[in-house]
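Here is the structure we will look at, set down as structure tokens.
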Amino acid sequence: MIPIAMNLINQNAYLILCTVLFSIGIIGVLFRRNFIAVIMCIELMLNAVNLLIASYAAHSGNAEGQIMVFFIMVVAAAEVAIGLALMVLIYRNTGTTDIESLSQLKG
Amino acid sequence: MITEIIFILLSVASVVGALMVVFSRNTIHCVLYLILTFFTIAGHYIMLNAQFLAIVHIIVYSGAIMVLFLFVVMMMNLNKDNEPQKSDMAKFIAVLTGGLFLISLVALSKAFVTNNTGLVAVSDIGLVSNLGKILFDKYVFPFEISSVLFISAMAGAIILTKKDPTLQ
């Protein structure tokens, strides 16, 4: 068993940290044209939200928040598997990783 | 005191890793920096007394998801030369949008500041026995539904990437 001896950091520090990580994820989604990088930045945003939920769960002494983090991880794993399968399919058809090659889908 | 130092080190490492994910040109380097960020987030989970969550995070993200990313990146044979880049104007607007979002969220968070400085008495909530009791008692139905989600995701990924012989 891992020993449990540490005090918790103030909640506001986690709030700021998770906001910064989420904003970096948003910048990445808008900044990159490589669709693998875009999916990675979406993962970054999901992790920021997970960390915030876990910090609130720890500060309120409630374990159900951690269960919620588990379910978000489950959905994130399924989302990555499907998303990367779609990306491989698009790469096979268009021969590029440029996300703007998908603009031909419009009308 | 030592807790604050560990927290600051982990936070700096995770933010720097996240920034390098966005601004690094080489996609392989992006994946490696994202693995660094995920490890520091696992460290944050341990700081939050969520030990089982930290282990699951390392196994799922660093072990499964990032290996999947690395396989896809290697399969597509990406390198710095054929990396598509946005125009400077679009990059500037992206950074501006993210920065404004950050400023507005931080300003908004001042509205509900909690002076919750920790020292929670119940500190064994993150251990596997406690979480397992809750997961298999109260949340057993979402747990089973998530297995259905995984099966469909697995089958969907296989069906999507299978080569269709009638198309070729």
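Per chain, numbering begins at 1; letters A, B, ... match sequence-line order.
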Could you check if a side-chain atom of [X] sits within less than 4.5 angstrom of a side-chain atom of [Y], using non-hydrogen atoms only?
{"X": "Phe143(B)", "Y": "Phe70(A)", "value": "no"}
{"X": "Gln66(A)", "Y": "Ile134(B)", "value": "no"}
{"X": "Ser109(B)", "Y": "Thr19(A)", "value": "no"}
{"X": "Leu17(A)", "Y": "Val15(B)", "value": "yes"}
{"X": "Leu48(B)", "Y": "Tyr14(A)", "value": "yes"}
{"X": "Arg32(A)", "Y": "Cys30(B)", "value": "yes"}
{"X": "Thr97(B)", "Y": "Ile27(A)", "value": "no"}
{"X": "Tyr45(B)", "Y": "Val69(A)", "value": "yes"}

Heavy-atom pairs under 4.5 Å with chain B are the metric here; pick the option from [options] that has the most.
{"options": "Leu44(A), Asp98(A), Ile26(A), Ile24(A)", "value": "Ile24(A)"}
{"options": "Val75(A), Asn62(A), Ile16(A), Leu84(A)", "value": "Leu84(A)"}
{"options": "Leu30(A), Asn47(A), Val80(A), Val74(A)", "value": "Asn47(A)"}

What's the separation between atom [atom1] in [X] and atom [atom2] in [Y], rounded to the nearest 0.5 Å?
{"X": "Glu43(A)", "Y": "Tyr61(B)", "atom1": "CD", "atom2": "OH", "answer": "5.0 Å"}
{"X": "Ile103(B)", "Y": "Ser23(A)", "atom1": "CD1", "atom2": "OG", "answer": "9.5 Å"}
{"X": "Phe31(A)", "Y": "Lys91(B)", "atom1": "CZ", "atom2": "NZ", "answer": "4.5 Å"}
{"X": "Leu52(A)", "Y": "His44(B)", "atom1": "CG", "atom2": "NE2", "answer": "12.0 Å"}
{"X": "Ser55(A)", "Y": "Met47(B)", "atom1": "OG", "atom2": "CE", "answer": "12.0 Å"}

- prompt: Would one find more than 12 heavy atoms of other residues, nucleotides or ligands at under 6.0 Å from atom OH of Tyr33(B)?
  reply: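 No.
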
message: With a 6.0 Å cut-off (strictly less than), is the heavy-atom count around CG of Leu100(B), excluding the residue itself, greater than 12?
response: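 Atom CG in Leu100(B) is packed in, count exceeds 12.
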
Same cluster or not: are [X] and [Y] linked, directly or through other Ile, Leu, Val, Met, Phe, Trp or Tyr residues, by side-chain heavy atoms under 4.5 angstrom apart?
{"X": "Leu135(B)", "Y": "Val148(B)", "answer": "no"}
{"X": "Ile28(B)", "Y": "Val22(B)", "answer": "yes"}
{"X": "Ile93(B)", "Y": "Val95(B)", "answer": "no"}
{"X": "Leu102(A)", "Y": "Met87(A)", "answer": "yes"}
{"X": "Met75(B)", "Y": "Leu70(B)", "answer": "yes"}

- prompt: Got a donor-acceptor contact below 3.5 angstrom from the Arg92(A) side chain to the Thr161(B) backbone?
  reply: yes

Tell me, for [X] versus chain A, whether the close heavy atoms (under 4.5 Å) come from the side chain, the backbone, both or neither.
{"X": "Ser24(B)", "result": "backbone"}
{"X": "Phe38(B)", "result": "side chain"}
{"X": "Leu53(B)", "result": "both"}
{"X": "Ala64(B)", "result": "neither"}
{"X": "Phe92(B)", "result": "neither"}
{"X": "Val128(B)", "result": "neither"}

query: What's the verdict on side-chain hydrogen bond (donor to acceptor under 3.5 Å, both in side chains) for Asn34(A) and Thr27(B), showing C-alpha distance, side-chain angles and the deciding distance?
result: CA-CA 9 Å; Asn34(A) 185 347; Thr27(B) 315; 3.2 Å; yes

Quick one: what part of [X] sits under 4.5 Å from any heavy atom of chain B, side chain, backbone, both or neither?
{"X": "Ala37(A)", "value": "neither"}
{"X": "Glu79(A)", "value": "neither"}
{"X": "Leu89(A)", "value": "side chain"}
{"X": "Ile39(A)", "value": "both"}
{"X": "Ala57(A)", "value": "backbone"}
{"X": "Leu51(A)", "value": "both"}
{"X": "Ile36(A)", "value": "both"}

Looking only at heavy atoms and a cut-off of under 4.5 Å, which of [options] has the most pairs with chain A?
{"options": "Ile159(B), Ile158(B), Ile65(B), Thr37(B)", "answer": "Ile65(B)"}
{"options": "Leu19(B), Ile2(B), Val60(B), Leu96(B)", "answer": "Leu19(B)"}
{"options": "Gly156(B), Pro142(B), Ser146(B)", "answer": "Pro142(B)"}
{"options": "Leu131(B), Val21(B), Val106(B), Leu105(B)", "answer": "Leu131(B)"}

Nearest non-hydrogen partners of [X] and [Y], listed with the distance:
{"X": "Leu68(B)", "Y": "Ala81(A)", "answer": "CD2-CA, 4.1 Å"}
{"X": "Met40(A)", "Y": "Phe69(B)", "answer": "CG-CE2, 3.6 Å"}
{"X": "Ser14(B)", "Y": "Leu21(A)", "answer": "O-CD2, 3.9 Å"}

task: Please report the C-alpha distance between Asn50(A) and His57(B) in whole Å, then the side-chain angles of each, then the deciding distance to 0.1 Å, and finally whether the side-chain hydrogen bond (donor to acceptor under 3.5 Å, both in side chains) criterion is met.
output: CA-CA 10 Å; Asn50(A) 265 353; His57(B) 188 268; 5.9 Å; no

field: salt bridge (charged side-chain N to carboxylate O under 4.0 Å, His left out) against Glu4(B), all qualifying residues, sequence neighbours excluded
entry: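 Partners of Glu4(B) by the salt bridge (charged side-chain N to carboxylate O under 4.0 Å, His left out) criterion come out as none, since no residue qualifies.
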
query: Between Tyr139(B) and Phe71(A), how do the two ring planes meet: parallel, tilted or perpendicular, split at 30° and 60°?
result: tilted

